[in-house]
Amino acid sequence: MFAGAERVADRYFTVLAATNGTDAARLGLAISRRAAKRAVDRNRIKRLIRESFRHQRPALPPVDIVVMARPTAPAATSEELARALDTLWQRLVKRCAVSSRS
RNA sequence: GGAGUCGGCCAGACAGUCGCUGCCGGUUAGCCGGCGGAGGAAAGUCCGGGCUCCACAGGGCAGGGUGCCAGGUAACGCCUGGGAGGUGUGAGCCUACGGAAAGUGCCACAGAAAACGAACCGCCGAUGGCCCUUCGGGGUACAGGUAAGGGUGAAAAGGUGCGGUAAGAGCGCACCGCGCGACUGGCAACAGUUCGCGGCACGGUAAACCCCACCCGGAGCAAGACCAAAUAGGGGAGCAUUGGCGUGGCCCGCGUCGCUCCCGGGUAGGUCGCUACAGGCGUGCGGUGACGCGCGUCGCAGAUGAAUGGCUGUCCUCGACAGAACCCGGCUUAUCGGCCGGCUCCCUUG
């Protein structure tokens, strides 16, 4: 999963994606205690990612995605994180399209 | 009205919509409907208990914990009431609050001395010695007496006054304080000071060792129980027996290899444990209270990559600290703002 996956990142998240052989996208979360010390922050970040993924799922290619939070994420507002995720999904879609053509 | 103190409570609200999840019902079966879905600390994991497995005849030692008394409790290092000491004008608040006349150790610096009860300065020098003498006495870097004064220290051997004396001293007396015993009140801790005895002996330190009393088996839900592939291996029965290989000169026998079935252990994975109770609310009774008993009533998260959220609108006082993971009782720590009640002090008015 980690080897040979497409990778996009910004200051809040690192996103990995790899073709999974099914017909729909699947999501995995990796929010470490090191990235977000408080349980409340970890839960908030996970919920935001799930919600964003749920909205974007029809537009995504059939890949397994792992979203990892970075230590800057807990300090950001929910709106900032939601915008960041939208951008990341779009970049991911483009990247996968390119790699599947090549 | 202001200041303070103690106790209790709330933790944005409502609507729409899209989702997640547990249970129940339906079902045209990865669909629909209904109901439920984080906290007062869910946190720290510091104590106590339930539950589970392991160990265990009984007793002792070691180790750890607790430590004024009584009560509450399943239990506690918690809570309630009381006592003592400290603190605040007060309501209140704080206290590792057993034992130092069992033993051992320690008490820095300063100071003469920090403890088998002490002379540095000072005071005295009555008594004995020495010197002088006008024979009245005087002097003394002698022996010695002395804890009143100075000084050191966190702490210096009861305090004040009078008597007393050479100077002093519980040496004597009065009052205060202290110790021991009796008595009285109280379950007790303790108090009273009524009485007697003792002139007073017992410096502090036990978060120093220690002594005394009481308590404590270990590990934790990844506890533990059940179901159970694939692969490898184990045990048993049967089949093939005219088989191959090994042992052996050969036969029997023994070992091993094949096929079928059964059994047990056990990994992945799954299920249970998993939420109903030392339970919440109301009420009556008992108790100063913590709490207990009775009756009625309610059903109140159960996830397992781990749910409890996103968006929109309206309103307000613009929302802190923070997220369950087997379950309870406490303690501690974090916390925007607000509400209710008891009590205290000060000011003003009547």
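Naming convention: chains lettered A, B, ... in sequence-line order (proteins, then strands); numbering from 1 in each chain.
- For the P atom pair drawn from B/G289 and B/U193, the interatomic distance equals 32 Å after rounding to whole Å.
- Rounded to the nearest Å, the gap between the P atom of B/A101 and that of B/A188 is 27 Å.
- Minimum heavy-atom separation, A/V8 to A/R91: CB-NH2, 4.1 Å.
- Shown here, B/A237 forms a base pair with B/U260; the pair counts as Watson-Crick or G-U wobble because both key distances fall under 3.5 Å.
- In the region residues 73-81 of chain A, proximity to RNA chain B at under 4.0 angstrom, judged on heavy atoms, holds for none of the residues.
- With a cut-off of 3.5 Å on both Watson-Crick or G-U wobble distances, the partner of B/G161 is given as B/C173.
- Listed by chain and residue number, A/Y12, A/E80, A/L81 satisfy the side chain to side chain contact (heavy atoms under 4.5 Å, CB included) test with A/A76 (two or more places apart in sequence, or in another chain).
- The minimum heavy-atom distance linking A/Q56 with A/W89 is given by the pair CG-CD1, 3.1 Å.
- Within the 3.5 Å criterion, the main-chain N or O of A/L85 finds no donor-acceptor partner in the side chain of A/S52.
- Listed by first and then second residue, the side chain to side chain donor-acceptor pair (under 3.5 Å) pairs that reach into residues 28-38 of chain A are A/R38-A/D41, sequence neighbours excluded.
- Going from atom CD1 of A/I45 over to atom P of B/G310 covers 13 Å, rounded to whole Å.
- A/S78 meets the side chain to side chain contact (heavy atoms under 4.5 Å, CB included) test with A/R44, A/L48; sequence neighbours excluded.
- Nucleotide B/G289 is matched to nothing when pairs are restricted to Watson-Crick or G-U wobble geometry with both distances under 3.5 angstrom.
- In this entry B/G248 has no Watson-Crick or G-U wobble partner, no candidate having both defining distances under 3.5 Å.
- Comparing the same atom, P, in B/G280 and in B/C328 gives a spacing of 11 Å after rounding to whole Å.
- The minimum heavy-atom distance between A/A69 and A/A35, with the atom names listed, is O-CB, 3.5 Å.
- Taking every heavy atom of both residues into account, A/V93 and A/A59 meet most closely at CG2-O, 4.0 Å.
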Practice problem: Apply side-chain contact (heavy atoms from CB on, under 4.5 Å) to A/H55 and A/D86, showing your working. | Solution: CA-CA 10 Å; A/H55 286 301; A/D86 285 342; over 6 Å; no

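- When the P atom of B/C311 is taken as reference, atom CD of A/E51 falls 8 Å away, rounded to whole Å.
- Using Watson-Crick or G-U wobble geometry with both donor-acceptor distances under 3.5 Å, B/C197 finds its partner in B/G179.
- Base orientation of B/G181: anti (glycosidic angle beyond 90° from 0).
- Glycosidic conformation, B/C300: syn, with the torsion inside 90° of 0.
- In this structure, CG in A/L92 is found 7.0 Å from CG in A/L60, a value given to the nearest 0.5 Å.
- The stretch residues 32-42 of chain A comes close to RNA chain B through A/R38, A/A39, A/V40, each having a heavy atom under 4.0 Å from the strand.
- Pairing of B/G269, defined by two Watson-Crick or G-U wobble distances under 3.5 Å, is identified with B/C227.
- When the P atom is used for both B/U335 and B/C51, the distance is 39 Å, rounded to whole Å.
- As rounded to the nearest Å, B/C69 and B/G44 have C1' atoms that lie 34 Å from one another.
- With C1' as the reference atom, B/C20 and B/G294 are 45 Å apart, rounded to whole Å.
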Quiz item: Can you check side-chain contact (heavy atoms from CB on, under 4.5 Å) on A/L29 and A/R50, steps first, answer last?
Solution: CA-CA 9 Å; A/L29 296 172; A/R50 284 205 196 90; 3.9 Å; yes

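- The nearest heavy atom of RNA chain B to A/R44 and to A/L48 marks one nucleotide each, and the one closer to the 5' end goes with A/L48.
- In textbook terms, a nucleotide whose glycosidic angle is within 90° of 0 is syn, and B/A38 is one such case.
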Exercise. Determine, stepwise, if the pair A/V67 / A/F53 fulfils side-chain contact (heavy atoms from CB on, under 4.5 Å).
Key: CA-CA 10 Å; A/V67 180; A/F53 174 78; over 6 Å; no

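- To the nearest whole angstrom, the two P atoms, one in B/C202 and one in B/U104, are 16 Å apart.
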Quiz prompt | B/S/- contact track for nucleotides 303-308 of chain B, protein heavy atom under 4.0 Å | solution = --BSSS

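- Shortest non-hydrogen contact noted between A/I31 and A/R42 is O-CD, 3.8 Å.
- For the C1' atoms, the distance from B/G22 to B/A324 is 15 Å, rounded to whole Å.
- If you check B/C315 for Watson-Crick or wobble pairing at under 3.5 angstrom, you find it paired to B/G12.
- Glycosidic conformation of B/G270: anti, with the torsion beyond 90° of 0.
- Using N1 to N3 plus N6-O4 or O6-N4 for Watson-Crick, or N1-O2 and O6-N3 for G-U wobble, each under 3.5 Å, B/G136 pairs with nothing.
- Here the P atom of nucleotide B/G19 and the NE2 atom of A/H55 are 9 Å apart, to the nearest Å.
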